[in-house]
Amino acid sequence: MRQRTLARQGLQVSALGLGCMGMSEFYGERDDDESIATIRRSVKLGCTFLDTADMYGPFTNERLVGRAIQGRRDSVVLATKFGNERGQDGSFLGINGRPEYVRRACDASLQRLGVDCIDLYYQHRVDASVPIEETVGAMGELVSAGKVRYLGLSEAAPATIRRAHAVHPISALQTEYSLFTRDVEEDILPTCRELGIGFVAYSPLGRGLLTGTITSPDQLAEGDSRRQRFPRFSGANLARNLELVERVKSVAAAKDLTSGQIALAWLLHQGDDIVPIPGTKRRARLAENISSVDVVLSTKDLQELDDAAPRGAAAGDRYADMSSVHR
């Protein structure tokens with residue numbers, strides 16, 4: 001697996017990461033044994049950049065990842081997040097960026113993961129009620145204490161990124177980016193590049209739509225959050241988005257690729273500072289995703305994909321409630 005460097009501080013990660021969220025919540029039933037096997041297979045194949053968060057589960061995903069990397073800690077780059085506060089019963093308590101919470105959340109994550117240090121620690125969502133300088137100041141103290149190596153933000157606006165970076169170097173911004181979600185190209189990605197901040201693209205397969213395997217909400221389990229929280233999966237929006245998927249599949253077929261492979265390859269061609277973290281719960285999908293790292297796209301291929309899924313073409317908002325993104 002090729003490596004990419006996120007940020008000027010020198011954080012190196014595999015060119016493709018593994019998003020672990022869906023293993024514990026949001027995307028249907030859990031199978032912890034298969035999920036652990038998937039994580040371990042991912043590491044063996046060189047996809048060693050693992051992404052989790054305390055709110056996934058809640059709390060269970062960090063424990064799952066911790067179990068999977070036992071005896072393999074030195075082989076992985078471990079990223080987790082705080083800020084979307086949840087109760088033990090799963091209730092959502094709001095966004096929390098208070099310094100005392102930052103310290104408490106980090107200690108809890110370290111314990112659940114069973115590690116002494118987190119490689120990349122993100123603020124999952126920006127708390128509009130707390131100055132970003134205070135939150136990042138507390139995160140910087142974690143670096144000084146040896147509990148965290150590098151800092152990141154998720155779904156932050158350009159002005160917030162600049163203010164945060166002035167307090168302590170930010171090594172990565174994690175935000176949704178795919179052929180379906182290209183708004184970051186306008187000012188967020190340029191801001192990151194100006195400041196030397198790496199970009200981690202979550203939902204690079206459009207929450208599964210770009211794989212071409214989802215054609216109806218009825219295919220999703222009753223408790224799958226895509227049926228309720230994500231407008232792109234409903235009604236006329238889904239019909240429009242499936243038309244875009246068919247266009248992408250047509251470009252992919254001409255190169256003997258799946259639509260998922262070419263969607264990941266397209267992202268990897270957007271810059272060496274971009275690292276997609278597709279999520280999968282099963283070993284069967286890993287090899288397909290990882291092979292995208294070796295796909296070479298010509299200028300003509302890239303133009304065809306731009307024409308197939310131009311910026312703003314996807315129908316529907318990313319979330320039913322967009323109030324907490326790009327703050």
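Along the sequence shown, residues are numbered consecutively beginning with 1.
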Derivation of the side chain to side chain contact (heavy atoms under 4.5 Å, CB included) call for Q3 and V77
CA-CA 11 Å; Q3 300 289 297; V77 176; over 6 Å; no
Salt bridge check, D32 against R63: does any charged N sit closer than 4.0 Å to a carboxylate O?
no
Measure from the side-chain N and O atoms of T211 to the backbone N and O of G260, and report whether any donor-acceptor pair falls under 3.5 Å.
no
Are Q111 and D107 close enough, and set up right, to give a side chain to side chain donor-acceptor pair (under 3.5 Å), and what steps lead you there?
CA-CA 6 Å; Q111 183 177 29; D107 287 343; over 6 Å; no
Single-linkage hydrophobic cluster, 4.5 Å side-chain cutoff, M21 and L113 together
no
Assess R229 against F26: is NZ or CZ under 6.0 Å from the centre of the six-membered ring, and within 45 degrees of the ring's axis?
yes
Grouping I, L, V, M, F, W and Y whenever their side-chain heavy atoms are under 4.5 Å apart, do L195 and L120 come out in a common cluster?
yes
Given side chain to side chain contact (heavy atoms under 4.5 Å, CB included), test R162 with E194 step by step and report yes or no.
CA-CA 10 Å; R162 292 182 185 280; E194 176 191 338; 2.7 Å; yes
Going by heavy atoms in the side chains, are E176 and V325 under 4.5 Å from each other?
no
Checking R283 side chain against E34 main chain: does a donor-acceptor pair fall under 3.5 Å?
no
Is it the case that one hydrophobic cluster holds both L173 and V167, taking links as side-chain heavy atoms less than 4.5 Å apart, direct or via other members?
yes
Charged N-O contact under 4.0 Å between D51 and K81:
yes
In the single-linkage hydrophobic clustering (I, L, V, M, F, W, Y; side-chain heavy atoms under 4.5 Å), do Y177 and L305 co-cluster?
yes
Is any side-chain heavy atom of V76 closer than 4.5 Å to a side-chain heavy atom of V65?
no
So, are K281 and E29 salt-bridged, with charged N and O less than 4.0 Å apart?
no
Ionic contact status for E243 with R247, cut-off 4.0 Å:
no
Within the 4.5 Å heavy-atom criterion, are T280 and L18 side-chain neighbours or not?
yes
Would you kindly confirm whether L64 and F59 end up in one hydrophobic cluster when ILVMFWY residues are joined by side chain heavy atoms under 4.5 Å apart?
no
Distance-only, no hydrogens or angles: does the R4 side chain make a donor-acceptor pair with backbone N or O of A15 under 3.5 Å?
no
Salt-bridged, D54 to R86, with N to O below 4.0 Å?
no
Any side-chain donor near an acceptor of the partner, S298 and D301, under 3.5 Å
yes
Begin from the C-alpha positions of V102 and N96 and carry the test side chain to side chain contact (heavy atoms under 4.5 Å, CB included) through to its verdict.
CA-CA 8 Å; V102 174; N96 193 339; over 6 Å; no
Apply the test side chain to side chain contact (heavy atoms under 4.5 Å, CB included) to residues T181 and R318: give CA-CA distance (whole Å), side-chain angles for both, the deciding distance (0.1 Å), then the verdict.
CA-CA 8 Å; T181 302; R318 294 197 278 131; 3.3 Å; yes
Give me the atom names and distance for the closest heavy-atom approach of Q261 to S291.
NE2-OG, 2.7 Å
For T213, is there any backbone N or O sitting under 3.5 Å from a side-chain donor or acceptor partner on Q219?
yes
Between atom OG1 of T52 and atom CG of N61, what is the distance when rounded to the nearest 0.5 Å?
3.5 Å
So do the side chains of T5 and L11 get within less than 4.5 Å of each other, counting heavy atoms only?
no
What distance separates E25 CD from R30 CZ, expressed to the nearest 0.5 Å?
9.0 Å
Shortest non-hydrogen separation from S171 to A7 and the atoms involved
O-CB, 3.1 Å
Mind listing the closest non-hydrogen atom pair of L238 and T215 along with its distance?
CD2-O, 4.1 Å
For residues D273 and L6, determine if any side-chain heavy atom of one lies less than 4.5 Å from a side-chain heavy atom of the other.
no
Between D119 and R73, is the closest basic N to carboxylate O distance under 4.0 Å?
yes
Output for pair (S259 OG, L264 CG), nearest 0.5 Å, gives 9.5 Å
Any side-chain heavy atom of T175 sitting closer than 4.5 Å to one from L189?
no
Minimum heavy-atom separation for L268 to P276, with atom names?
CD2-CD, 3.6 Å
For P217, is there any backbone N or O sitting under 3.5 Å from a side-chain donor or acceptor partner on R226?
no
More than 12 heavy atoms of other groups within 6.0 Å of E185 CD
yes
So, N241 side chain and R232 main chain: donor-acceptor pair closer than 3.5 Å or not?
yes
Between the side chain of S35 and the main-chain N/O of D31, is any donor-acceptor distance below 3.5 Å?
yes
Aromatic Y56 / basic R112 pairing, under 6.0 angstrom, 45° off normal
no
I'd like to know whether CZ of R282 has more than 12 heavy-atom contacts from other residues, nucleotides or ligands below 6.0 angstrom.
no
Test item: side-chain donor near acceptor, E155 and S324, under 3.5 Å
no
Y121/Y150 aromatic ring centres below 6.0 Å:
no
Any side-chain heavy atom of L153 sitting closer than 4.5 Å to one from V126?
no
Could you state the interatomic distance from CH2 (W266) to CG (L210), rounded to the nearest 0.5 Å?
10.0 Å
With side chains defined as the heavy atoms from C-beta onward, is the minimum distance between H168 and M139 less than 4.5 Å?
no
Report the relative orientation of the aromatic rings in Y101 and F82; use parallel for angles under 30°, tilted for 30 to 60°, perpendicular for over 60°.
tilted
With no hydrogens and no angle check, just 3.5 Å: does a side-chain donor-acceptor pair link S109 and E62?
yes
Can you give me the closest heavy-atom contact between S42 and L286, atom names plus distance?
N-CD1, 3.6 Å
How close do V130 and E134 get, counting heavy atoms only, and between which atoms?
CG1-OE1, 3.9 Å
Q228 CD: over 12 foreign heavy atoms closer than 6.0 Å
yes
Test log, rule salt bridge (charged side-chain N to carboxylate O under 4.0 Å, His left out), inputs D224 and R207:
CA-CA 11 Å; D224 193 309; R207 303 186 189 280; over 6 Å; no
Value for CZ (R327) from OG1 (T160), rounded to nearest 0.5 Å, stands at 9.5 Å
Distance in Å, L220 CG paired with D218 CG, rounded so as to fall on 0.5 Å steps
8.5 Å
Keeping H165 on the side-chain end and I170 on the backbone end, is there a donor-acceptor pair under 3.5 Å?
yes
